[in-house]
Amino acid sequence: MKQAVALYPWARSNYLTSKDGRLHIDGVDVNELIERYGSPLYVFSERQLRENAESILKHFRRVHRNTTVCFASKANANIAVLQVFKDAGLNIEINSGGEFHKAMVAGYPATDMVFNGVAKLDSELRKVIAAGIKAINVDSLSELQRILEIARELAQRANITLRIIPEIKGGAAAGWETGTSESKFGMTRSEQLQAIALINQHPRYLKMTGVHAHIGTQVTDISAYQREAAFLIAYFKEVTELLPYPLEHINLGGGFPKNYSSSEDNWSTVAEHYKSNYRTEIDFGILSRTLIAPISRALGESVEIIVEPGRSMVSDTGILLSRVEAQKERNQHTMYYLDAGYSVLFDAFIGWYFHMINASRADDTDTNLCKVVGPLCDSSDVFYDIEGEGYVKTLLRDQPELLEHKALLEKVLVHQPSMRELPTATQVGDVLALFDVGAYGLEMMNDYCGRLSAAAVMVDIQQDSRLIRRRAQEEDLLRYDVY
Ligand SMILES: *Cc1c(COP(=O)(O)O)cnc(C)c1O
């Protein structure tokens, strides 16, 4: 097993290209962006955002015209991003009062929003019910009871969709599954029967508008969607029998996967379990046939099908640029220190793989294996899997009898290849680019170790760039302290 995902090919036509050895994003030289806006810097492609929105709407509506795509805003709630999606025809999924606020600022009406969450606050429920939200995806009986009280107090009727547990595994890795009763999400069948009885007792305040499930994130197993579709079709029919009026919609959640490198060839020499998390054949066309079409056939064309994609709408729309600040030689390998660590890209902390190239030497073919780390004073702040490697080594040293299970241990404990391939000439001052950081990047950024949150820019269709999130300043570090 080779220790690194292959660096080449990385280019994506019309999006990520090189000119004079430097990375260009939608035709814009990243060096110019760094000079103008500083480092580290998130760069979003408006063209790529629009392309994703158009692609999902086109594919899903071709098989079912009455399809609504609610972008899961926790994946990226930057106002400029939300506005591009609104303009492209998407609706929105929120999971807090804060996201409700951001969605309103971005211009979405409450009637275009669905609201998820396992512990919604009274204050949040009051706001969304008063605004006439399209659907509250209810996660528990206790929540439904609170909604009833608030709706009564407001003398309004709340639109209720129940989140069912379909008992489907499918998240790309353990811990990312949200569709089983081992997770914290959703209601069991018997809880739902009680909920429906309560809804039927209070038609003035509660209206059941739909059923909902969401099975995980980066779900790369196509059979999970087929099982989800079959489950929800049967469940939809069962609920229909229990209600005095028809259900309006069926909400399939999100979790659709995206590729985390430009080519399958990059992964040919690493262990299969890395590849299966980060490479997939599944696109919106395949999903339209395996998930949307069977539901449309079974339930008819008048029902509204709602989906809540987050990651798949934005992951490939964002690049993180980060400068090399230091380097050392360690165990025959160079270790490069970036100005961005997991405080800027939190998913690195859980060992998520992001493809990385040297944006200053994009065409160099003389390469070496190396290690790349962030600036934080924490040994977990690495862009390769130091912790996982360490666990396996320690376990095997302490319990040599586990040696025969080495492959299994690596599969469970090591989430990333242990090395990076970069040009041999890489040096302090170069700019590295991490790809596919558009989902869960900006949203999970924090100020750990007193490091200032990064700025973000959007490259637009005219190849102009504009700031869509300012860089934090030192005063921002004090904004919550009272003294
Ligand atoms: C997070 C979430 C989504 C979006 O998940 P992705 O994997 O980003 O597509 C959709 N629905 C619910 C209920 C969620 O919690």
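Side chains included, hydrogens not; waters and symmetry mates left out as well; all remaining heavy atoms used.
Here the shortest heavy-atom pairing between Phe284 and Ser55 reads CD1-OG, 3.4 Å.
Checked against the 6.0 Å centroid criterion, the rings of Trp352 and Phe346 do not qualify as a close aromatic pair.
Here Glu143 does not pair with Arg163 in a salt bridge; the nearest charged N to carboxylate O distance is not below 4.0 Å. In this structure, Glu264 pairs ionically with Lys275, as a charged nitrogen and a carboxylate oxygen lie closer than 4.0 Å. Lys406 has a carboxylate O that lies under 4.0 Å from a charged side-chain N of Glu410, or vice versa, which qualifies the two as a salt bridge. A salt bridge is absent between Glu475 and Arg479; no separation between the charged side-chain nitrogens and carboxylate oxygens falls under 4.0 Å. Here Asp339 does not pair with Arg451 in a salt bridge; the nearest charged N to carboxylate O distance is not below 4.0 Å.
Formation of a donor-acceptor pair under 3.5 Å by the Asp381 side chain with backbone atoms of Leu376 is found in this model. Looking only at distances, no side-chain donor or acceptor of Tyr391 sits under 3.5 Å from a matching main-chain atom of Val414.
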- Should Ser45 and Asp26 be marked as a side chain to side chain donor-acceptor pair (under 3.5 Å) after you check the CA-CA gap, both sets of side-chain angles, and the distance that decides it? CA-CA 7 Å; Ser45 158; Asp26 280 343; 2.6 Å; yes
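In the model, Asn159 has no side-chain atom that pairs as donor or acceptor with a side-chain atom of Glu248 under 3.5 Å. In the model, Asn137 has no side-chain atom that pairs as donor or acceptor with a side-chain atom of Glu93 under 3.5 Å.
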